Amino acid sequence: MKVLAIETSTRAWRVAVLDGGQILAQPESNPNLPISKALLPQIQAAIVSAGLSPDRLDLIAVSHGPGAFTGLRVGITAAKTLAYAVGCPLVACSSLEVLAAAVAVAKDWQADQEICAIIDAQRGEFYFGRFRFRSPWAAELVSPVTIKTPQELAAESWNKTLLTGPALLHWTPTTNTPLAARNLWQPDASVLGQLAQHQFQRGVSHDPFALVPEYVRPSYAEEKKPPFPV
């Protein structure tokens, strides 16, 4: 199965092209370039580097969030448009589950541990999700994805928990909670592609006309806008 994976939930956004579990292309992205200008050329470069054309793709995978608002909008719009244009299925995955799955696949965890993924939500807060894995590609979300302050994270019980995610670059627990290997802290487009394949094989797919990002909360501009006059 030829898969294009688009992971744009953080500044370290990446795209990858896979054939099953084999990575055909995963070019480096430049976080200093606006994603709105850089993403489509990056997608084209990845497909060409993989020796494919868009009409040979069997599946498009995209992270639906939570994460950076602009990155998610751009990534999901590109994925929806391409899936519709080439007529191939679309699968959207949680960016937090992508992080947790990378740890599970790397076998950097114990069977009785939960894997907690944390992404920077700006404003001094963090997106937070706990997962329990039956197998490396089959996760159960232990509790709803939410937003927490550093103080709320510090009050969490980390018993039998392994932490991962880019937020660990800015926040670390005060206890001796185990952390995933540092090279697993960023969402990986190739892991997204493999996770989407497994979900697709279990019957999961998304309508490109209905898919929207999962922001968890309104943007700052939406929160501050004045009420509409009646």
Side-chain angles (χ1 to χ4, degrees), residues 3-18 23-50 54 60-82 92-103 105-106 108 116-129 145 147-148 150 153 163-172 179-196 211-217 219-221:
V3 182
L4 169 67
I6 304 171
E7 209 307 309
T8 59
S9 62
T10 71
R11 282 181 55 82
W13 59 272
R14 297 287 293 275
V15 300
V17 178
L18 300 90
I23 302 173
L24 301 181
Q26 188 169 217
E28 291 289 337
S29 60
N30 185 346
N32 297 318
L33 292 177
I35 190 172
S36 58
K37 294 183 178 180
L39 180 60
L40 290 181
Q42 190 84 332
I43 289 172
Q44 182 180 26
I47 293 173
V48 171
S49 178
I60 294 177
V62 66
S63 285
H64 62 58
F69 280 37
T70 299
L72 292 175
R73 282 196 300 270
V74 173
I76 287 177
T77 299
K80 291 166 60 172
T81 302
L82 189 54
C93 302
S94 161
S95 49
L96 293 171
E97 185 174 351
V98 171
L99 285 164
V103 177
V105 171
D108 191 20
C116 177
I118 309 174
I119 292 179
D120 189 359
Q122 303 299 317
R123 308 187 218 172
E125 297 175 324
F126 302 96
Y127 297 114
F128 172 93
V145 172
I147 296 175
K148 291 184 179 289
L153 285 179
L163 299 184
T164 190
L168 294 177
L169 297 170
H170 312 291
W171 174 85
T172 53
L179 307 181
R182 191 182 181 93
N183 66 314
L184 301 175
W185 289 2
Q186 294 289 353
D188 187 325
S190 66
V191 173
L192 164 64
Q194 293 178 76
L195 178 62
L211 179 64
V212 294
E214 294 194 7
Y215 294 133
V216 182
R217 69 175 176 199
S219 69
Y220 181 78

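Along the sequence shown, residues are numbered consecutively beginning with 1. What you are looking at is a predicted structure, and each value in this text was computed from that prediction instead of being measured.
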Requested in this report: For the pair E97 and V145, evaluate side chain to side chain contact (heavy atoms under 4.5 Å, CB included) and give the outcome as yes or no after the intermediate values.
Outcome: CA-CA 10 Å; E97 185 174 351; V145 172; over 6 Å; no

Report task. Please assess E7 against V191 for the test side chain to side chain contact (heavy atoms under 4.5 Å, CB included), listing each intermediate value before the final yes or no. Result -> CA-CA 10 Å; E7 209 307 309; V191 173; over 6 Å; no

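Between G67 and I119, the shortest heavy-atom contact is CA-CG2, 4.4 Å. Closest approach of A25 and A46 over heavy atoms only: CB-O, 3.4 Å. Heavy atoms only, all atoms of each residue included: L40 and A78 are closest at CD2-CB, 4.1 Å. Of all heavy-atom pairs spanning G165 and L99, the tightest one is CA-CD1, 4.0 Å. Contact record, L18 with G193: CD1-CA, 4.1 Å, taken as the closest heavy-atom pair. Taking every heavy atom of both residues into account, G71 and I35 meet most closely at CA-CD1, 4.1 Å.
Within the 4.5 Å cutoff, side-chain heavy atoms of S94 are placed close to those of H64. Q194 is not listed as a side-chain neighbour of V98, based on a closest heavy-atom distance of 4.5 Å or more. Side chains of L82 and I6 form no contact here, defined as non-hydrogen atoms less than 4.5 Å apart. Contact annotation: the side chain of I118 never approaches that of K148 to less than 4.5 Å [non-hydrogen atoms, C-beta and beyond]. The shortest distance between side-chain heavy atoms of D120 and P166 does not fall below 4.5 Å. Taking the side chain as every heavy atom from C-beta outward, P187 and T10 approach each other to under 4.5 Å. No side-chain heavy atom of L96 sits under 4.5 Å from any side-chain heavy atom of E214. Inter-residue side-chain proximity for T8 and V74 is flagged as unmet; no heavy-atom pair is nearer than 4.5 Å.
To the nearest 0.5 Å, atom CZ of residue R14 and atom OG of residue S63 are 13.0 Å apart. With rounding to the nearest 0.5 angstrom, the CG atom of L179 is 8.5 Å from the OG1 atom of T164. Note: S190 OG to L24 CG = 11.5 Å, rounded to the nearest 0.5 Å. Here CG of L153 is found 11.5 Å from CD1 of I147. Values are rounded to the nearest 0.5 Å. Atom OG1 in T77 sits 10.0 Å away from atom CG in L39 (nearest 0.5 Å). Interatomic distance, S9 OG to L192 CG, rounded to the nearest 0.5 Å: 9.0 Å.
Aromatic ring orientation, W171 versus F126: tilted (interplanar angle from 30° to 60°).
Side-chain atoms of Q42 come within 3.5 Å of backbone atoms of E28 as a donor-acceptor pair (strictly under, hydrogens ignored). With hydrogens and angles disregarded, a donor-acceptor distance shorter than 3.5 Å links the side chain of S95 to the backbone of P66.
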